[in-house]
Amino acid sequence: MKIINKISDFIELRCQISKKIALVPTMGSIHEGHISLVETAKKHGDTVVATIFVNPIQFNNTEDYISYPKNLDKDVANLEKNGVDILFCPSLSEVYPDGFDTTVRVNYLSDCLEGKYRKGHMEGVATIVTKLFNITAPDYAIFGEKDYQQLLLIKSFVKDLNIPVKIIQSKTVRDKEGLAISSRNIKLASNERLFACEIIKSLNKGFEKIISGQKNPEEIINFIREYLSSFDSIKIEYISIRNPYDFEIINEIKEEFVILIAAFVGEVRLIDNVIFLGKNE
Ligand code: PAF
């Protein structure tokens, strides 16, 4: 695996690659979820490029940025073992040199849910991902469904700005208790981990209610809230049921929907979702 730190070096190398490139952008702290993105990338591209960059402008909280788990040596070994061909791993000043003053913003998706509770987060993601697309010029880029709003945001600016990359969405990877794999999970104490598993259980119970006939989103949201209210250390930030394509709030559940949640378990903020894209999914 080639490791590249400089943007100019990557662009030079990119000019020599004629094969299809599949990109897996990450913030490091590589886990099974990322490896599953790499596996998806291998199915689409001939050359798999991964990036590691902990992007400060997508953190709405400096403490969260500073404490974001970092383990570059382990990440390098893990990505290499799993068949990544090129790792792009730039420094902060390489990505945001003095005078950097541009923001990419998708209006609607930057202001609701994650955008509302994490001010500037969505713009931060859109800006770094646009830069990574411009630097690496991938044919495909793989993103996980766990960050569902992020996935829609990326699809949206790729379409609006005519960026020639195909976005591939990859299923959320879960542990055997159903907890979505996330870099933040290592911050959970072992009892908190048990509570964290209740989050997906609550969404699945809500999902079952919809499938068995309850079509009123408010009823489902209240039901999920009530289920989670019995766990003292879970504090819900939002629960929302939306259209999985345009992300509009749904007033009556008909066919496709996504149930999204953000909740704190102790000090750790977790997000998760359940997606239903119709019976023929
Ligand atoms: O999902 C992530 O890990 C990050 O938001 C991303 C897409 C790598 C941008 O920093």
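In each ligand, atom 1 is the first atom listed, and ligand 1 is the first ligand listed. FYI, side chains are in, hydrogens and waters are out, and symmetry mates aren't considered; it's all heavy atoms of this structure.
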inquiry  = Parallel, tilted or perpendicular, judged at 30° and 60°: which one describes the rings of H44 and Y140?
reply    = tilted

Backbone N/O of I210 and side chain of K215: donor-acceptor pair under 3.5 Å = yes

message = Quick check on the 6.0 Å ring-centre criterion: do Y108 and F247 meet it?
response = no

request  = Quick one: do E198 and L228 satisfy side-chain contact (heavy atoms from CB on, under 4.5 Å)? Show the steps, please.
outcome  = CA-CA 7 Å; E198 297 298 333; L228 290 176; 4.2 Å; yes

key: T40 versus S170, side-chain donor and acceptor atoms under 3.5 Å   = yes

ask   = How many angstroms lie between atom CD of E192 and atom CG of N185, to the nearest 0.5 angstrom?
value = 11.0 Å

Distance dump, ligand 1 polar atoms to protein, N/O, under 3.5 Å:
| unit_1 | atom_1 | unit_2 | atom_2 | d |
| --- | --- | --- | --- | --- |
| ligand 1 | 1 (O) | Q150 | NE2 | 2.9 |
| ligand 1 | 5 (O) | Q58 | NE2 | 2.9 |
| ligand 1 | 5 (O) | Q150 | OE1 | 2.7 |
| ligand 1 | 10 (O) | Q58 | OE1 | 2.6 |

